[in-house]
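Okay, structure first, notes after.
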Amino acid sequence: MPQYNPPLRDMQFVIHELFHTTDELKSIPRHADVDADTINQVLEEGGKFAAEVTFPLNRIGDEQGCTLDPATHEVTTPKGFKEAYAKYVEGGWPALSCDPEYGGQGLPFVLNQCLYEMLNSANQAWTMYPGLSHGAYEALHAHGTGEQKKLFLPKLVSGEWTGTMCLTEPHCGTDLGLLRTKAEPQADGTYRITGNKIFISAGEHDMAENIVHLVLARLPDAPQGSKGISLFLVPKFLVQPDGSLGARNGVYCGGLEHKMGIHGNATAQLVLDGAVGTLVGEPNKGLPAMFVMMNAARLGVGNQSLGLTEVAYQNALAYAKERIQMRALSGPKAKDKPADPIIVHPDVRKMLLTAKAYAEGGRALAIYCTLLLDKELYHPDEKVRQEAAEMVALLTPIVKAFLTDNGHIATNACLQVFGGHGFIEEWGMSQFVRDNRINMIYEGTNTVQSLDLLGRKVLANNGATLKKFGKLVAQLVEEEGVNEKMAEFINPVAYLGDQMTKFTTEIGFKAFQNPEEVGGAAVDYLRVLGHLVFGYFWARMAQVALREIDAGNTDPFYRAKLQTARFYFARLFPETAALMRTARSGVANLLDTDEALA
């Protein structure tokens, strides 16, 4: 049976020793009093909830899935999901990082990040129900009217109601400019929304008394394309001025998708039949408002794969220590047994260390981004807020695409550790692989993230934000460049940092001549930059570990951190050379292929 232990020690290392989070938060008035004890206590309790309440439901959710009653259009979630959500609400977890004005606890995003990593490890399908509510909360908090905030935010913050984002339609996925859902204005200031949405995660369920749908639709006089999209708030049950629930709204579940994974989450086909909605933000400006939710979701999706990478690694490691098969090539290691544990074999260790390196590198990046989010939203210095926002924008597609691609690599590697048993459902490994696979697709496929990174976040501003990250790399190189003990960690980062400028300039010049070159290079480019970002954080983690060891700290945690860093730079980081070569090969070998693809 699968197992899960919250990685509290590594979270505390990243939060306290790598980023000195409490010192960073002192510059933000609303978080200035948050201390290490508070952070640790929240993480410990969150870990208990994930491990003891939601993790036992993971296989149940996968086996049972959700059930739609065609007559009532109501959806029943798997056994135990509703009760677990009630405990989640009772514990105040939905309010953790929300605005105190609406009932939130106002704690830093870093705590919410770590909580959700653990919840995703424990049960991604269940976690998506409250996770989507956070996105709806953020969008309404940023763009909602005073009345919308008053009526809906307290209920979203408390968890009494959940939220969704309704973008995709049967004929359009990423290309939202093609959507057809219509919004007809009414005399009372509301709108009647009519259309069909598909792939709506948590779109219908029995876990909360109301569901707040944020729906993209077109006004009658809207321009064509993405410039003619507006955002509407469409609740499952209409809400009275006093906050009580009224009549059932004209939005219902017409079907549930039969999916490869995340069976416990209700991925709904929603029918809007003259549903009553209210406008969020300005007419025809729906995408900027929805992007608040989409960007939060992209960070959240990366976190989903981070969680799955961690839990898959933990299970593969435990199995590799117990499973005996063959002998080590250098001779027996477990002489009292008929064969050696498979963990003695180099390639098994390679698979385990791949997952471990990607989990710990991803954790550092994800926590760093949440610290940036706290600065972006709440730092008193406008310049600091702007610089944090720029860096988050640069890193968001990397979090989404690099972490989910790594999750695919890691979960498959961990399944492989189990051999034939990995292919058997009872061990739980195939579920981690299947659940992770959607993360590479939704909230913009990883190719879309790559195009966004290279086209919008790098080339569009001539690499200005990329250069700012490059300064962080250069600062670390200058600080540790003469330290022989750090050479194996610093030299690869320094080399790639220097290469990145030339690489970006070359791709940009080709794209100036032929825009299709961006499409040919973008996926490889994102992975190269992802490794530069990971390399920077892994070098910093090695720096901290070396200093502790040099100071006489005998905690094996630091030796483990160094060994993992050494593996990452020797075995994973070098793929950047091949990726730069393929990116530089040009787009002709992809587009001049009409006969090959006839």
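Since the structure is predicted, the reported quantities are computational estimates derived from the model, not experimental observations.
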My understanding is that only one of Thr309, Asn439, Asn446 makes a side chain to side chain donor-acceptor pair (under 3.5 Å) with Thr404; could you say which? Asn446
Go through the structure and list residues passing side chain to side chain donor-acceptor pair (under 3.5 Å) with Glu52, not counting sequence neighbours. none
Which value, rounded to the nearest 0.5 Å, describes the distance between Leu308 atom CG and Gln124 atom CD? 5.0 Å
Applying side chain to side chain donor-acceptor pair (under 3.5 Å), can you list everything that pairs with Asn120, at least two apart in sequence or on another chain? none
Between Trp93 and Phe49, how do the two ring planes meet: parallel, tilted or perpendicular, split at 30° and 60°? tilted
Going by side chain to side chain donor-acceptor pair (under 3.5 Å), name the residues that satisfy it together with Tyr116, two or more places apart in sequence or in a different chain. Tyr88
For residues 213-232, which residue pairs qualify under side chain to side chain donor-acceptor pair (under 3.5 Å), counting only residues two or more places apart or in two chains? Thr164-His213
Going by side chain to side chain donor-acceptor pair (under 3.5 Å), name the pairs with one or both residues in residues 364-377, residues two or more places apart or in two chains. Glu24-Lys375, His31-Asp374
Applying side chain to side chain donor-acceptor pair (under 3.5 Å), name anything that partners Ser121, two or more places apart in sequence or on another chain. none
Does any N or O in the side chain of His379 come within less than 3.5 Å of the main-chain N or O of Ile28, such that one atom is a donor and the other an acceptor? no
Can you confirm whether the side chains of Asn461 and Glu390 place a donor and an acceptor under 3.5 Å from each other? no
Tyr137 and His141 aromatic ring geometry - parallel, tilted or perpendicular at 30°/60° bounds: tilted
